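Since the structure comes first, as structure tokens, the remarks are kept for the end.
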Amino acid sequence: MMNIKVNPYSNNPYKYSNGNAPQNENNRQAFKGFSEELARRNLLKTGYGFLTDGLAYTLGFLTGQKPVQKVVKLIDKKFKPEDVTKHATAFLGLLLSGFYIHQTAKSKKIEEKQKFPLMLNQGIVALFSFATGYLLDNLMIEAYDKHVIDRFMKANGIQRFVDPKTKVLTDAAKHWDSGLKAARGIMVFSFMYRFVGPVIATPIANKLSTWWVNRKEQQAALAAQTQASSVNNTSQKAPAQTKAASQPIRK
């Protein structure tokens, strides 16, 4: 039989001697005041969910269209699945960078002097990451094959090739091999776009943008000086012309 002890000085007078707290004690409702930070987080979560849901519905609609399906079939014939993933990741990076550049150019909150350096920075980072991503991916094919895919197959007891000399994949290894190769492209380009590209290309972009801003300022100063000198010359010629016009004409 369960014993109940009452403690009049406790907020919860029901204490069980066997150490088992009542279930309702852990499920109490806590009423707190309005939290601006919590409201902001919930708003961000709602916006993010709306964005992802909209993107999912849009992609679902597009993939159901016959023209899109024909393009997908054509790509499937021309490229391997792992290559499609690699190219899609690379060009998606360029596309997102293009959106950032467009938003910077149209932004009303960014000063005109700062727009071009920001756009130049984003463009250089995107092109640098795009080019070096393909270079790094090609350089690490053999090493990735040996140290990642082969070890994965051995660790999971999967025979990779029917014959190691012909490099013909077994049925059990086909999907794993394609998936691991696709992961290589995603990791390489993500690493270049998010880490290596900004670290290496940003200083170069900063130097170029500084040079461009200084050049524009020098051109503007030279144009202002030229305009001021032309105004001075015009103002000096005007009194002489007025004086000559005021003199009587001798017959």
Side-chain angles (χ1 to χ4, degrees), residues 36-37 39-41 43-52 54-55 58-59 79 82-144 181-237:
E36 184 179 353
E37 181 65 23
R40 187 182 297 110
R41 291 180 182 178
L43 180 62
L44 290 175
K45 289 181 180 179
T46 304
Y48 179 75
F50 178 78
L51 177 63
T52 53
L55 183 61
T58 303
L59 292 177
F79 301 99
E82 56 268 23
D83 291 336
V84 173
T85 306
K86 176 176 65 176
H87 298 324
T89 306
F91 283 95
L92 181 61
L94 285 181
L95 183 63
L96 291 176
S97 298
F99 282 137
Y100 290 140
I101 293 173
H102 178 73
Q103 289 179 352
T104 302
K106 297 295 182 181
S107 176
K108 296 181 180 180
K109 297 180 180 180
I110 303 176
E111 296 181 2
E112 292 296 329
K113 292 182 179 180
Q114 298 178 350
K115 284 186 178 181
F116 183 78
L118 292 174
M119 294 164 61
L120 182 65
N121 183 20
Q122 188 64 44
I124 291 177
V125 170
L127 294 176
F128 176 84
S129 303
F130 182 83
T132 54
Y134 276 105
L135 178 63
L136 179 61
D137 183 74
N138 291 330
L139 290 176
M140 65 180 296
I141 288 177
E142 293 183 3
Y144 185 86
K181 288 180 178 179
R184 185 193 71 223
I186 296 174
M187 289 188 294
V188 167
F189 282 97
S190 299
F191 181 68
M192 297 305 299
Y193 270 101
R194 300 300 301 172
F195 298 102
V196 179
V199 171
I200 295 178
T202 298
I204 300 174
N206 289 337
K207 290 182 179 180
L208 288 175
S209 61
T210 302
W211 170 82
W212 182 85
V213 170
N214 293 335
R215 182 170 176 269
K216 285 294 181 181
E217 290 179 351
Q218 291 176 359
Q219 290 179 350
L222 181 61
Q225 184 178 0
T226 304
Q227 185 177 3
S229 61
S230 63
V231 170
N232 291 333
N233 294 334
T234 303
S235 61
Q236 290 176 1
K237 292 179 180 179

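The structure displayed is predicted, hence computed values, not measured ones.
- Once rounded to the nearest 0.5 Å, the distance linking CZ of R184 with CG of L136 reads 10.0 Å.
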Going by atom type alone, with no hydrogens or angles, which donor-acceptor pairs under 3.5 Å involve a side-chain atom of residues 214-222 and a protein atom two or more places apart or on another chain?
from, atom 1, to, atom 2, distance (Å)
N214, ND2, T210, O, 3.2

Under 3.5 Å, sequence neighbours excluded: what are the donor-acceptor pairs made by side chains of residues 118-130?
from, atom 1, to, atom 2, distance (Å)
Q122, NE2, S97, OG, 3.3
S129, OG, V125, O, 2.7
S129, OG, M192, O, 3.1

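- Considering all non-hydrogen atoms of both residues, F79 and D83 come closest at CB-CB, 4.4 Å.
- Taken to the nearest 0.5 Å, the OG1 atom of T132 stands 10.0 Å off from the CZ atom of F191.
- Of the possible donor and acceptor atoms, one in the side chain of N138 sits under 3.5 Å from a partner among the backbone N and O of Y134.
- Heavy-atom neighbours of F116 CZ from other residues, nucleotides or ligands within 6.0 Å: above the threshold of 12.
- Between I110 atom CD1 and T104 atom OG1 the span is 5.0 Å, to the nearest 0.5 Å.
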Exercise for review: Take I141 and K181 through the side-chain contact (heavy atoms from CB on, under 4.5 Å) test and state the conclusion after the steps.
Suggested key: CA-CA 9 Å; I141 288 177; K181 288 180 178 179; over 6 Å; no

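- If you take OG1 on T89 and NZ on K86, they are separated by 10.0 Å, rounding to the nearest 0.5 Å.
- Although no hydrogens or angles enter the test, the distance criterion places a donor-acceptor pair under 3.5 Å between the side chain of K115 and the main chain of S107.
- The nearest pair of heavy atoms linking L94 to Y193 is N-OH, 3.5 Å.
- Evaluation of the ring pair (Phe, Tyr, Trp, His ring centres under 6.0 Å) rule for Y144 yields no partner, not counting sequence neighbours.
- Between the side chain of S190 and the backbone N or O of M187 there is no donor-acceptor pair closer than 3.5 Å.
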